[in-house]
Protein chains: 2
Amino acid sequence: MSIKAKITPGHSNTLNKELVILAAIKLADESGINGLSMRKLGRELGVEAMALYYHLKNKSQLIEEMIDHIHGEIEIPFDAPNWRAFMQRRARSALDVVARHPWAAGLMESGVNPGPATLKDSDTMIQCFREAGFSIAMTVHAVTVLNIYIYGAAQQYAKLPFTTTEQAAEVSEAIKRQFPMGTYPYLGEIITQHMIKSGYSAVDEFDFGLKLILDGIALLERE
Amino acid sequence: MSIKAKITPGHSNTLNKELVILAAIKLADESGINGLSMRKLGRELGVEAMALYYHLKNKSQLIEEMIDHIHGEIEIPFDAPNWRAFMQRRARSALDVVARHPWAAGLMESGVNPGPATLKDSDTMIQCFREAGFSIAMTVHAVTVLNIYIYGAAQQYAKLPFTTTEQAAEVSEAIKRQFPMGTYPYLGEIITQHMIKSGYSAVDEFDFGLKLILDGIALLERE
DNA sequence: ACCTGAACACCGTTCAAGT
DNA sequence: ACCTGAACACCGTTCAAGT
């Protein structure tokens, strides 16, 4: 055993898959998915890019692992009193997770090669609906519409060029200035009357749509 | 005027923005968004990559223009008898468009720099709801939930590793073989009882969710 | 007006070689 | 077992120069 290993006990000073994945997520959080390169990631880890290929097959596999890790950050609210509370909390958690890792928005739910965290999340959602008395067919419908909505919303949310309602108003005005008055009268009305005057909140919109969908699912309960 | 110009009247033999965009879409359709490079695109057009920079600012702008063009392919059913028929037909058309251009799925609705086709589409959707008597606030809710659902579904649909129900069954079995029996019991049940036995159809799932959302929107009509 | 050649600063990945 | 150096075949983009 080397002296180095004795100096840092319990902390491996050599690389491993997990460390690479965590560093890759950190790098992507900071500089986006296009800012993530094997060479930069190596630099960040104090190693040449080629070293990464000892721990991972290639960049695709790295990204798959990153996505499954992110998926594992979504809260699974086992203690929720009913399916509706469960799905509501899970949805909010998923939106939070994507807000922290915007680059991941378009990559989740790819359908190909789901990792353990992804599979566990699906399994738990299904369990929740089944135990609430939903049939298999209705469970599939419910899970599908919820996931489409949540990941769709997360993706649009991640791409929003604003976060506060003030910024929303500014951006709306900028868009409106780009086209001559009257070209898009209905859109123009929405922007002036709604986006700028009253406060537009992307999160409120998300919640409204989620409620609409949960109400719809409630009607499937005994079908 | 050159002889060449006389030989091909009405057909410019030099490049222009529109030709570049169309060729780029064709190339992306064939080889995905990662297969689209300025150098390959130049080759396809019989020109050096650098020539493209005379017609477009950079690759980002090219992609923005491609997306707006794709957006223009979505049918706007002016002759629909009511808002519901309008939204149903538009949704189906959007799904078809993304099926033809899977690489575009994750890039539509980016919110930044919407092009004329994108703005026109929004304007028409808003007009449809407003003329049906929806308030401004309810129109925003309805358009938001519909777009999130449609583009979310399009994205998942574009990424599906299967198209027919037979392929769906095969892929489901492959996924199931990857994990030890009983690890994900509820997911396992869905796969064996539903995905493999009865036929799973992604399009049917899309329609089910769309109906659920349209039913929900109908309840907002006089709010 | 429209295109090219050369150049720059990057990529992902392989593979033999080093310790 | 774990990492590196050199190499290959790519990228996007700028800019002076060509016609």
Side-chain angles (χ1 to χ4, degrees), chain A residues 1-28 30-67 103 107 112-113, chain B residues 1-28 30-67 103 107 112-113:
Chain A
M1 187 189 272
S2 79
I3 290 172
K4 261 193 173 172
K6 273 191 179 165
I7 289 172
T8 57
H11 170 277
S12 161
N13 51 0
T14 66
L15 228 46
N16 61 51
K17 211 164 144 176
E18 188 67 12
L19 281 177
V20 174
I21 293 163
L22 291 177
I25 290 172
K26 187 157 165 280
L27 185 53
E30 286 161 7
S31 33
I33 196 71
N34 289 331
L36 170 69
S37 78
M38 300 302 269
R39 291 166 131 104
K40 275 196 219 160
L41 181 54
R43 218 171 297 148
E44 213 74 34
L45 289 161
V47 107
E48 297 298 319
M50 306 81 198
L52 304 174
Y53 288 85
Y54 182 80
H55 302 280
L56 292 152
K57 213 168 117 269
N58 51 33
K59 195 179 177 180
S60 294
Q61 202 213 322
L62 171 61
I63 291 176
E64 272 175 28
E65 301 266 11
M66 290 164 72
I67 291 299
W103 53 270
L107 303 170
V112 262
N113 302 334
Chain B
M1 188 189 273
S2 79
I3 290 172
K4 259 193 173 174
K6 274 190 181 165
I7 289 172
T8 57
H11 171 275
S12 159
N13 51 1
T14 65
L15 228 46
N16 61 51
K17 210 165 145 176
E18 188 68 11
L19 282 177
V20 174
I21 293 164
L22 291 177
I25 290 172
K26 189 157 165 278
L27 185 54
E30 287 160 9
S31 33
I33 196 72
N34 288 331
L36 170 69
S37 77
M38 301 301 269
R39 290 167 131 103
K40 275 196 218 160
L41 182 54
R43 219 171 295 146
E44 213 75 33
L45 289 162
V47 105
E48 297 298 319
M50 305 81 199
L52 305 173
Y53 289 86
Y54 182 78
H55 302 280
L56 292 152
K57 211 167 119 272
N58 51 32
K59 196 179 177 181
S60 294
Q61 202 213 323
L62 171 61
I63 291 177
E64 272 176 28
E65 300 265 10
M66 290 165 71
I67 292 299
W103 54 270
L107 303 170
V112 260
N113 301 335

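By convention in this document, chain letters (A, B, ...) are assigned in the order of the sequence lines, proteins followed by strands, and residues within each chain are numbered from 1.
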- Value in whole Å for how far the P atom of C:dT4 lies from CG of B:L15: 9 Å
- Rounded distance (Å) that lies between atom P of C:dC11 and atom CD of A:E48: 13 Å
- Item | Audit row: B:I33, B:L107, side chain to side chain contact (heavy atoms under 4.5 Å, CB included) steps and yes/no | CA-CA 10 Å; B:I33 196 72; B:L107 303 170; 4.2 Å; yes
- Message: If you compare every side-chain N and O of B:H55 against the phosphate oxygens of C:dA1 (OP1, OP2), does one of them come in below 4.0 Å?
- Response: no
Restricting both atoms to N or O, compile the protein contacts to nucleotides 15-19 of chain C shorter than 3.5 Å, with distance only.
none

- Integer angstrom distance from the C1' of C:dC11 to that of D:dA7: 14 Å
- If pairs are Watson-Crick or G-U with both distances under 3.5 Å, what is the dot-bracket string of DNA chain D, marking crossing pairs with [ ] and pairs to another strand with |? ||.|||||...|||||.||
- Passes side chain to side chain contact (heavy atoms under 4.5 Å, CB included), B:K26 versus B:L22? Steps please. CA-CA 6 Å; B:K26 189 157 165 278; B:L22 291 177; over 6 Å; no
- Task: Let me know the distance between CG of B:N34 and C1' of D:dG12, rounded to the nearest Å.
- Result: 14 Å
- Whole angstrom is fine here: how far is it from CG in A:N16 over to C1' in D:dA1? 13 Å
- d(CG, A:L45; C1', D:dT4) in whole Å: 15 Å
- Query: Is there a residue in residues 35-44 of chain B whose heavy atoms reach under 4.0 Å of DNA chain D, and which residues are they?
  - Reply: B:L36, B:S37, B:M38, B:R39, B:K40
- Task: Calculate the interatomic distance between A:L56 atom CG and D:dC3 atom C1'; express it in whole Å.
- Result: 15 Å
- Message: From the set D:dC2, D:dT14, C:dC2, return the single nucleotide nearest to any side-chain atom of B:Y53.
- Response: D:dT14
- Message: In whole Å, I'd like the distance from the OH atom of A:Y54 to the P atom of D:dT4.
- Response: 13 Å
- Item | Members of residues 59-66 of chain B that approach DNA chain D, where some heavy atom sits under 4.0 Å away | B:K59
Ignoring hydrogens and angles, write down the donor-acceptor pairs under 3.5 Å from the side chains of residues 37-59 of chain A, residues two or more places apart or on other chains.
residue, atom, partner, partner atom, Å
A:S37, OG, A:K40, N, 3.1
A:K40, NZ, A:G35, O, 3.1
A:N58, OD1, A:S60, N, 3.3
A:N58, OD1, A:Q61, N, 3.0
A:K59, NZ, A:L36, O, 2.9

- Item | Rounded distance [0.5 Å steps], CD1 in B:I67 versus CG in B:N113 | 12.5 Å
- Message: Measuring from atom CH2 of A:W103 to atom CD1 of A:I25, what distance do you get when rounded to the nearest 0.5 angstrom?
- Response: 5.0 Å
- By side chain to side chain donor-acceptor pair (under 3.5 Å) - contacts of B:K17 (at least two apart): B:E65
